[in-house]
Amino acid sequence: QVQLVESGGGLVQAVGSLRLSCAASGRTFSSYCMGWFRQASGLEREFVAGISRYGGFRYYADSVKGRFTISRDNTKNTVYLQMNSLKPEDAAVYYCAATSNNKDVASLRREADFGSWGQGTPVTVSS
């Protein structure tokens, strides 16, 4: 099972930007589709963005589409989440996740679809 470690969270002002990183262990990073989820205090963990094995297909929750960009660098075993135009409602703990399921990647939006999780990195957005 792949080990995931997020970094890059912090406090930013509304309309600001932040880039999260998730470093993965293992020798077969490209075997995994990757995703980002977030969980605000008192709320369910929700899907944010997903990316196929080689980065050719990316998909997003409607709430972040046009503002967030997921990408990956398989030579560095790292997936990124570029967060622009941040809103207070984006504040949450952000988690990266990995799945060996690479079929119909756009359907991989549930926690149960992902078998490996990072520890989370908190993002706070001030107004």
Side-chain angles (χ1 to χ4, degrees):
Q1 188 175 11
V2 65
Q3 302 292 324
L4 306 173
V5 180
E6 303 98 331
S7 62
L11 189 153
V12 298
Q13 292 185 332
V15 310
S17 297
L18 200 63
R19 189 177 79 157
L20 308 183
S21 299
C22 175
S25 66
R27 302 172 63 85
T28 55
F29 180 62
S30 63
S31 297
Y32 299 94
C33 295
M34 301 294 297
W36 285 97
F37 290 73
R38 67 188 183 187
Q39 187 167 22
S41 180
L43 301 179
E44 294 282 330
R45 189 172 300 184
E46 64 175 345
F47 169 80
V48 176
I51 189 167
S52 59
R53 295 170 60 210
Y54 297 101
F57 184 75
R58 308 173 189 186
Y59 56 105
Y60 302 88
D62 289 343
S63 59
V64 306
K65 194 174 299 181
R67 299 188 298 119
F68 291 10
T69 302
I70 187 171
S71 61
R72 67 191 296 164
D73 185 344
N74 287 352
T75 69
K76 298 181 178 179
N77 279 17
T78 302
V79 63
Y80 305 94
L81 185 68
Q82 178 65 47
M83 309 165 66
N84 296 331
S85 301
L86 283 162
K87 305 175 180 180
E89 51 263 45
D90 295 319
V93 177
Y94 283 72
Y95 299 87
C96 66
T99 177
S100 59
N101 187 344
N102 59 11
K103 297 181 179 179
D104 300 319
V105 294
S107 68
L108 302 176
R109 298 170 178 264
R110 300 177 61 85
E111 287 185 75
D113 294 326
F114 292 81
S116 299
W117 294 84
Q119 83 289 347
T121 185
V123 172
T124 302
V125 184
S126 62
S127 60

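No experiment lies behind these values; they were computed from the predicted model shown.
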Heavy-atom closest pair, residues [X] and [Y]:
| X | Y | result |
| --- | --- | --- |
| V12 | S17 | CG1-O, 3.9 Å |
| W117 | E111 | CZ2-O, 3.5 Å |
| G9 | T121 | N-OG1, 3.1 Å |
| P88 | A14 | CD-CB, 4.2 Å |
| V105 | C33 | CG1-SG, 3.3 Å |
| N74 | R72 | OD1-NE, 2.7 Å |

- Taking C22 as the fixed residue, which of Y95, Y94, W36 is the one that meets the side chain to side chain contact (heavy atoms under 4.5 Å, CB included) rule? W36
Pairwise distance [atom1]([X]) to [atom2]([Y]) - rounded to 0.5 angstrom:
| X | Y | atom1 | atom2 | value |
| --- | --- | --- | --- | --- |
| D113 | S100 | CG | OG | 11.0 Å |
| Q13 | S127 | CD | OG | 9.5 Å |
| D90 | T124 | CG | OG1 | 11.5 Å |
| I51 | Y60 | CD1 | OH | 7.0 Å |
| T69 | R19 | OG1 | CZ | 11.5 Å |
| Q119 | Q3 | CD | CD | 10.5 Å |

- Task: Would you check, one step at a time, whether the test salt bridge (charged side-chain N to carboxylate O under 4.0 Å, His left out) holds for K65 with D62?
- Result: CA-CA 5 Å; K65 194 174 299 181; D62 289 343; 3.3 Å; yes
For a 4.5 angstrom cut-off between non-hydrogen side-chain atoms, does [X] reach [Y]?
| X | Y | value |
| --- | --- | --- |
| F68 | L86 | yes |
| L20 | E6 | no |
| R58 | S71 | yes |
| S85 | V15 | no |
| R38 | V123 | no |

Hydrophobic cluster membership, with links at side-chain heavy-atom distances under 4.5 Å among I/L/V/M/F/W/Y: are [X] and [Y] in one?
| X | Y | value |
| --- | --- | --- |
| V79 | V2 | yes |
| F37 | V125 | no |
| Y80 | Y32 | no |

- Item | Exceeds 12 heavy-atom contacts within 6.0 angstrom, atom CD of E89 |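 More than 12 heavy atoms, drawn from other residues, nucleotides or ligands, come within 6.0 Å of this atom.
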- Query: Do F114 and F47 have their ring centres less than 6.0 Å from each other?
  - Reply: no
- Item | Donor-acceptor under 3.5 Å (D73 side chain, T78 main chain) |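 Checking the backbone N and O of T78 against the side chain of D73, no donor-acceptor pair under 3.5 Å is found.
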